[in-house]
Amino acid sequence: MTTKKKVLIIDDSRTVRQQIALTLISAGYQVVEAGDGKEGLAALVEHADVSVVLCDLNMPCMNGFEFLKSFKSGGAHPGVSVVMLTTDGSPDLVAQAKRAGAKGWIVKPFQPELLLAAVRRLSGEPE
Amino acid sequence: MTEDAKEKRLARMLSSCTADLLCELGAKPQSIDEVRRPRTSGEHIAAFSGFGGNGFRGSYTLLAPSPLLSRLHPLPPTVDPRDLTDWACELVNQSVGRFRNRLLSYGVDMILSVPQSVLAEELRLSSSLQPARSPSVFVIDGMVLEGWLELELNPVFRLPESPLNQEELALKEGSLVLF
């Protein structure tokens, strides 16, 4: 039996983290949660086998762009894909995230089937 | 367009964003006049988010009794007040997020603060900036959700009569883009 890959969820809303976790766990994924960008960076040190990060934008302590910049500049996880998950649909911010190295953008409230499709594709699993 | 007319348009737009969100959560909100709202007592939660852009700033506060927030919560029923205050923050975040996305099509951009919430018995709000302003009031399953918009506009703020070109349109809620 193959073990599904691990996904890190970074969002300051416990409710949103739980919603995403339920969606992913029901599809067989392992899940790690963090409440802001700083916690997310720490979680990546502890869980080096994370394959996809779903990251909110508007968070206290360290927001999503700050996380993305720090994560990319560290260079420690070249195979990990980051998808931004936010209420913001601004084309300028989407382009900014792409330039900063994100692999995708989801506008909340998320559709579970689309979120799963994105995670499957980015973790290299069949859709 | 006068400042008052701009404020009223923005208030209607934000109220519509909240109504759309409530509908997506499976509720059937009935929008009513503030003066006709039923008075409710007991534990209430207020969550607010600040925002600002070129020539304007403000905040939006949602106020609702705990049982209504529990009713709207997307996960199985819970009694943990932390879950409800957290959910109230997410509701105001998603309401204002929609508002920002709508305004982008008018060429208006803004940034949002991280939402905050408070839980209290017999919680009541009033407008400090616009004493005459009434909140948007929605009745859901006999319970009341209020949306209070506070706005400060200065003369440089522009709100076109109609949306600008399509390139400025924000991604729709629920959409996904992979790069």
Side-chain angles (χ1 to χ4, degrees), chain A residues 11-23 35-36 52 54 56-65 81-122 127, chain B residues 17 20-26 47 49-51 69-70 72-76 78 80 82-105 108-117 165-179:
Chain A
D11 199 304
D12 58 328
S13 167
R14 201 166 95 99
T15 305
V16 172
R17 292 200 307 271
Q18 288 176 329
Q19 273 186 295
I20 299 169
L22 276 177
T23 300
D36 60 51
V52 177
L54 300 171
D56 186 20
L57 207 57
N58 189 20
M59 295 183 287
C61 299
M62 179 186 277
N63 70 32
F65 273 122
S81 300
V82 179
V83 177
M84 310 311 289
L85 179 61
T86 170
T87 60
D88 202 316
S90 160
D92 288 347
L93 290 182
V94 174
Q96 189 181 331
K98 186 178 178 182
R99 284 196 302 274
K103 294 294 182 188
W105 189 282
I106 297 174
V107 184
K108 292 179 185 173
F110 69 92
Q111 296 184 39
E113 64 277 16
L114 284 182
L115 183 112
L116 275 177
V119 169
R120 283 194 185 109
R121 179 178 295 191
L122 293 171
E127 289 181 44
Chain B
C17 289
D20 289 349
L21 176 61
L22 293 169
C23 289
E24 281 190 24
L25 291 167
S49 175
F51 55 82
L69 290 163
S70 183
L72 296 170
H73 200 283
L75 297 173
T78 174
D80 187 343
R82 281 186 317 156
D83 288 337
L84 296 182
T85 52
D86 177 81
W87 177 231
C89 284
E90 189 57 24
L91 278 180
V92 80
N93 186 44
Q94 291 195 19
S95 287
V96 181
R98 277 168 193 258
F99 181 52
R100 177 188 47 205
N101 291 337
R102 300 293 177 276
L103 282 177
L104 270 177
S105 65
V108 177
D109 199 0
M110 65 187 196
I111 54 170
L112 311 185
S113 72
V114 175
Q116 302 284 327
S117 63
N165 64 51
Q166 296 292 307
E167 288 172 9
E168 296 297 325
L169 284 182
L171 293 177
K172 279 191 72 71
E173 290 77 25
S175 57
L176 157 73
V177 179
L178 290 180
F179 310 137

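Both backbone and side-chain heavy atoms feed into the values below; hydrogens, waters and symmetry mates do not. Keep in mind the model is a prediction, meaning the values are calculated, not measured.
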Item to complete: Examine whether an atom of Asn63(A) lies under 4.5 Å from a heavy atom of chain B, and if so say whether it belongs to the side chain, the backbone or both; otherwise answer neither.
Response: neither

Discussion item. Between Phe110(A) and Leu176(B), does the side-chain contact (heavy atoms from CB on, under 4.5 Å) criterion hold? Intermediate values first, please.
Written reply: CA-CA 8 Å; Phe110(A) 69 92; Leu176(B) 157 73; over 6 Å; no

Worksheet item: Met59(A) versus chain B, heavy atoms under 4.5 Å apart: side chain, backbone, both or neither?
Response: backbone

Worksheet entry | Interatomic distance, Asp88(A) atom CG to Asp109(B) atom CG [nearest 0.5 angstrom] | 7.5 Å

Worksheet item: Between atom OG1 of Thr87(A) and atom CZ of Phe99(B), what is the distance when rounded to the nearest 0.5 Å?
Response: 13.0 Å

Worksheet item: Going from CD on Gln19(A) to CH2 on Trp87(B), what distance comes out if it is rounded to the nearest 0.5 angstrom?
Response: 5.5 Å

Practice prompt. For each of Leu25(B), Leu21(B), Asn93(B), tally heavy-atom pairs with chain A at distances under 4.5 Å, and name the one with the top tally.
Written response: Asn93(B)

Worksheet item: In terms of heavy-atom contacts, does NZ of Lys108(A) have more than 12 from other residues, nucleotides or ligands at under 6.0 Å?
Response: yes

Practice prompt. Would you mind reporting whether Cys89(B) and Thr15(A) have side-chain heavy atoms less than 4.5 Å apart?
Written response: no

Worksheet, complete the sentence: Scanning both residues in full, the closest heavy-atom pair of Asn58(A) with Ser113(B) reads ND2-O, 3.0 Å

Item to complete: Find out whether Pro109(A) and Arg98(B) are in side-chain contact, i.e. whether some heavy atom of one side chain is under 4.5 Å from a heavy atom of the other.
Response: yes

Worksheet item: Just by distance, with hydrogens left out, do Arg100(B) and Ser90(A) show a side-chain donor and acceptor under 3.5 Å apart?
Response: no

Fill in: Thr86(A) OG1 to Leu171(B) CG distance, which is reported to the nearest 0.5 Å
10.5 Å

Item to complete: Work out which heavy atom in Gly89(A) is nearest to a heavy atom in Asn101(B); give both atom names and the distance.
Response: N-OD1, 2.9 Å

Fill in: Interchain contact, Leu57(A) with chain B, by part (heavy-atom threshold 4.5 Å)
neither

Worksheet item: Just wondering, do Lys172(B) and Val107(A) contact through their side chains at under 4.5 Å, heavy atoms?
Response: no

Worksheet, complete the sentence: Cut-off 4.5 Å, heavy atoms of chain A, and the answer for Glu90(B) is side chain

Worksheet item: So which of Val83(A), Val94(A), Leu122(A) has the largest heavy-atom pair count under 4.5 angstrom toward chain B?
Response: Val94(A)

Worksheet, complete the sentence: Honestly, the part of Ala117(A) sitting under 4.5 Å from a heavy atom of chain B is neither

Worksheet, complete the sentence: Between Pro91(A) and Leu104(B) the two heavy atoms that sit nearest each other are CD-CD1, 4.3 Å

Discussion item. Rounded to the nearest 0.5 Å, what separates atom CG in Asp11(A) from atom CG in Asp86(B)?
Written reply: 8.5 Å

Worksheet item: Quick one: salt bridge (Lys or Arg N to Asp or Glu O under 4.0 Å) partners of Glu113(A), sequence neighbours excluded?
Response: none

Discussion item. What part of Leu115(A) gets within 4.5 angstrom of chain B, counting heavy atoms only: side chain, backbone, both, or neither?
Written reply: neither

Practice prompt. Look at atom CZ of Arg121(A) and say whether more than 12 heavy atoms of other residues, nucleotides or ligands are closer to it than 6.0 Å.
Written response: no

